[in-house]
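Structure first, commentary second.
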Amino acid sequence: MVLPVMVKPYLDAFMRLWRLAVRPTRGRTALALRTAIVCMALVLIGEIWQLPMLTLLTLTLGALWQGNRVANMKISVMYVIFFSGVTGALYVGVVTTINNFLATLIFNLVLSFVFFFLSTTTILGMISVIGGLILSYMLVALDNVQSGDSIARLVLSAWRVFLIIAGMMAFVGSSLSPSPKHVLTDQIIERLRLSAKCLGRRGEGRNIPQAWQDAVMDTVGEGVSGMFGMLGASTAEQRWSPEDLSYLRRAALNSFGILQFVERCLKPNASIPREDCVYLARRLEEAAECFETGGRPAETGTAQVCSGDIAREMERLLNSLDQPLTAEDVQLPSSQSGEAAPKKKKSAFFLPGAFTDPEHVRFAVKGTVSVFLSIITYKMLNWPGVHTCIITCFIVSLPTMGAVLDKQRLRIVGALIGCFMAMGTIIWLMPHMTDIAEIMLVMGVVIFIGAWVKAGDQRISYLGLQIIVTFTLADLAKYAPTTDLTVPRDRIIGILIGLAITYVVHTMFWPHSAMGGAIQKLKALDALLAQDVTDWNHDQRMLQAAKVQETASGAMGQLRQVMLEPSYMRPTRHRMRQYMLFLRRAAMSAASLFGDIAANRNKQALRLGQILKGGEAASLNEGGGL
């Protein structure tokens, strides 16, 4: 009896991970298929032209490829500008340090520090990480080249590779990727149909599957920021009328509100009649089909059919889908006095606090030390196959200890899966292949599997990228089919070496806990709940509820990372339970921020005050938590 009890938490965690990996969200298959096609085309071009760094092409494209054409175009422009300047600096640095390992190493470490610093302080983000990864790997490889002319040709070839990747993202991405408006419509349809499925099950008197319940809670935690971001990208595209976007803004906000109420219906004792569930499920399916055909819901009147309180609120949100919603209608007051919120500043290249927060410099130093130790280990072992230790240092380095450990777990699992796939391909498929089309087909299938996982929840997306990276590093080691099993073996060993080095460095030098970010999220959540919403309209209150859910979900994610850290960096169990209780109460309060179901507005304000001044808030204040 003891063994099942001990195994159950691990089994539950595995099933949760499995449900995240296989969740069939709308547009996920299409995104994975597009990623696989583009990666296959890029590999084919690299094989034909015998481009350098062939194994890193799919890593770059798989990591940077986005789900809509506006984002792909934006990233491609930043990519070209950034790497054009970096390639010039690389050529000057390599020429001046040729045949001098110490000078080359110093130059490599300087570039690594710059890239790590830019990854957390600028809008480049992942582009800077990819740049540091590629250039550090190139400098190590160019150390064995003795001719200056050969180095110049290799650098120019590398720049051509950068241009090809950017061109694939810009031109192929523009033709294959959907518009932000299409992506936003898919998200709205997904939310409406998920609500319809859950209510339909409830109307039939059957239990709602755990996978659907997880999907509802995760989607509610996403709020509306992502959908409103797609609205902004659609506006920048200047292909859609403001009227169409205003109806989509209404649908995005109301779909969140409906799903928020559906989450309350997941409980078996929720007070919602079965006939109301059946009626609402049919209405939600009709609205989803209307959006799917490119239309908008017609006027439905104001007659109330449902009898229950929760059902009436969902019906009201459904009836208002035919009303436009402008950005001014949901502009939140900046204070309780009703003053207008200040206009957002245009995004700059450097993020706020880039040069004032010392953690950015410390993170860059830790990343540089990891790269230094990896290069020294790689050179001392004289083992070319374990060059993945250098790549690993860039991929798994993150500002907090919890994030590093979380990413290391995903990298190990993804690398093992990709390695086993590569070995299986070498053993059972390679001997029977006769042309490049068969190799491309096998690669396309594996890349599709990895891209499917990557297109899912953010908590497991990195695992999918690792499947793609490890498989291509093992099976694209040469410009010919790989038949040696030592190649995937060496890649795994190199990854484990890089993980060990990264763990030691981030543990020994300025270990930074994820608890700092969690406290910031908790403070932001506390401030949101402290706002008086009694004079706000329904739409403003619903948007405030979405912000509460997003912030609570972000804080929960930070606390999950805190639990992975060493015990001396974590709060006590009692403190963690208090934090979790506060987050659950905050999420419950978000459901009462809008709608007449909160009885009256005075009572609503009182309930928010209980969250702030009750025992949960007091326990947070003890010890400097909030």
Rounded distance (nearest 0.5 Å) linking atom CD of Glu243 with atom CG of Leu248
11.0 Å
Side chain proximity check, Met443 to Phe471, heavy atoms < 4.5 angstrom
yes
Scan Asp218, Asp406, Asp214 and name whichever one has a salt bridge (Lys or Arg N to Asp or Glu O under 4.0 Å) with Arg459.
Asp218
Under 6.0 Å from the CZ atom of Phe350, do we count more than 12 heavy atoms belonging to anything else shown?
yes
Closest contact, heavy atoms only, Ser112 versus Val371:
OG-CG1, 3.8 Å
Using modelled atom types and a 3.5 Å cut-off, is there a donor and acceptor pairing between side-chain atoms of His182 and backbone atoms of Pro178?
no
Working to the nearest 0.5 Å, report the span between CD of Glu550 and CZ of Phe256.
7.5 Å
Applying side chain to side chain donor-acceptor pair (under 3.5 Å) to Ser177 and Asn72, what does each step give before you reach the verdict?
CA-CA 8 Å; Ser177 298; Asn72 279 327; 3.0 Å; yes
Do Leu351 and Thr121 make a side-chain contact, defined as non-hydrogen atoms from C-beta onward lying under 4.5 Å apart?
no
Any ion pair linking Glu237 and Arg69 (charged N to carboxylate O, less than 4.0 Å)?
yes
Quick one: do the Asn108 and Ser136 side chains pair a donor with an acceptor below 3.5 Å?
yes
Report the C-alpha distance between Gln561 and Leu405 in whole Å, list the side-chain angles of each, state the deciding distance to 0.1 Å, and finish with yes or no for side-chain contact (heavy atoms from CB on, under 4.5 Å).
CA-CA 8 Å; Gln561 292 181 356; Leu405 295 177; over 6 Å; no
Between SG on residue Cys389 and CG on residue Asp490, distance to nearest 0.5 Å:
11.5 Å
Heavy-atom pair of closest approach, residues Val224 and Ala252
CG1-O, 4.1 Å
Is there a donor-acceptor contact under 3.5 Å from the side chain of Ser255 to the main chain of Ile188?
no
Any side-chain donor paired with an acceptor under 3.5 Å for Ser128 and Ser119?
no
Answer yes if the side chains of Gln549 and Gln260 hold a donor-acceptor pair under 3.5 Å, and no otherwise.
yes
Judged by atom type as modelled, is there a donor-acceptor pair below 3.5 Å linking the side chain of Lys521 to the main-chain atoms of Ala552?
no
Do other residues, nucleotides or ligands put more than 12 heavy atoms under 6.0 Å from the CD atom of Gln458?
no
One should read off an interatomic distance between Ile447 CD1 and Thr58 OG1, to the nearest 0.5 angstrom, of 6.0 Å
Decide yes or no on ring pair (Phe, Tyr, Trp, His ring centres under 6.0 Å) for Phe115 and Phe82, but give the supporting numbers first.
CA-CA 11 Å; Phe115 287 130; Phe82 180 68; 5.7 Å; yes
Begin from the C-alpha positions of Glu190 and Thr25 and carry the test side chain to side chain donor-acceptor pair (under 3.5 Å) through to its verdict.
CA-CA 7 Å; Glu190 176 70 23; Thr25 55; 5.7 Å; no
When you check the gap from the basic side-chain N to the acidic O, do Asp244 and Arg239 get nearer than 4.0 Å?
no
Decide side-chain contact (heavy atoms from CB on, under 4.5 Å) for Ile391 and Leu59; before the verdict, give the C-alpha distance in whole Å, the side-chain angles of both, and the deciding distance to 0.1 Å.
CA-CA 10 Å; Ile391 297 174; Leu59 184 153; 4.2 Å; yes
Going by heavy atoms in the side chains, are Arg160 and Leu163 under 4.5 Å from each other?
no
Thr392 OG1 to Ile412 CD1 distance, which is reported to the nearest 0.5 Å
10.0 Å
Pair Ile449-Met421, side-chain contact (heavy atoms from CB on, under 4.5 Å): steps then yes or no:
CA-CA 11 Å; Ile449 294 173; Met421 286 182 173; 4.1 Å; yes
Going by the angle between their ring planes, with limits at 30° and 60°, are Phe83 and Phe162 parallel, tilted or perpendicular?
tilted
Answer yes or no: is there a donor N or O on one side and an acceptor on the other, between the side chain of Asp457 and the main chain of Ile460, under 3.5 Å?
no
Any donor-acceptor N/O pair, His387 side chain to Pro384 backbone, under 3.5 Å
yes
To the nearest 0.5 Å, what is the distance between CG on Leu192 and CD on Glu286?
12.0 Å
Ring centroid separation Phe394 to Phe116 under 6.0 Å
yes
Would you indicate whether the side-chain heavy atoms of Thr35 and Leu61 approach each other to under 4.5 Å?
no
For the ring pair Phe363 and Phe113, is the centre-to-centre distance below 6.0 Å?
no
I'd like to know if the side chain of Lys407 reaches the main chain of Ile395, judged simply by a donor and an acceptor atom lying under 3.5 Å from each other, with no hydrogens or angles considered.
yes
Taking C-beta and beyond as the side chain, do Val446 and Ile468 meet within less than 4.5 Å on heavy atoms?
no
Does the pair Glu222/Arg191 count as a salt bridge with the N-to-O cut at 4.0 Å?
yes
What I'd like to find out is whether the side chain of Ile37 reaches to under 4.5 Å of the side chain of Val172, using heavy atoms alone.
no
How far apart are the closest heavy atoms of Leu321 and Tyr247, and which atoms are they?
O-CD2, 4.2 Å
For Val183 versus Met230, what's the shortest heavy-atom pair and its separation?
CG1-CE, 3.9 Å
Take Asp322 and Arg250, measure what salt bridge (Lys or Arg N to Asp or Glu O under 4.0 Å) needs, and give me the verdict at the end.
CA-CA 8 Å; Asp322 60 319; Arg250 166 64 68 186; over 6 Å; no
Could Arg28 and Trp452 be counted as a cation-pi pair, given that NZ or CZ must be under 6.0 Å from the ring centre and within 45° of the axis?
yes
Within a 6.0 Å radius of atom CH2 on Trp240, are there more than 12 heavy atoms belonging to other residues, nucleotides or ligands?
yes
Might you work through the side-chain contact (heavy atoms from CB on, under 4.5 Å) test for Ser179 and Asn68, ending with a clear yes or no?
CA-CA 5 Å; Ser179 67; Asn68 66 87; over 6 Å; no
In plain terms, say whether Glu292 and Arg26 are close enough for a salt bridge, that is, a side-chain N and a carboxylate O under 4.0 Å apart.
yes
Heavy-atom side-chain contact between Met126 and Ile130 under 4.5 Å
yes
Near Phe420 CZ, under 6.0 Å, is it more than 12 heavy atoms from other residues, nucleotides or ligands?
no
On a heavy-atom basis, which atom in His360 and which in Ala354 lie closest, and how many Å separate them?
CD2-O, 3.7 Å
Non-hydrogen atoms of Ala415 and Ile492 that approach each other most closely
O-CD1, 3.4 Å
When you measure from the side chain of Arg249 to the backbone of Leu325, do you find a donor-acceptor pair of N or O atoms at a distance under 3.5 Å?
yes
Taking C-beta and beyond as the side chain, do Thr60 and Tyr79 meet within less than 4.5 Å on heavy atoms?
yes
Verify, without hydrogens or angle tests, whether Arg491 (side chain) and Gly385 (backbone) share a donor-acceptor contact under 3.5 angstrom.
yes
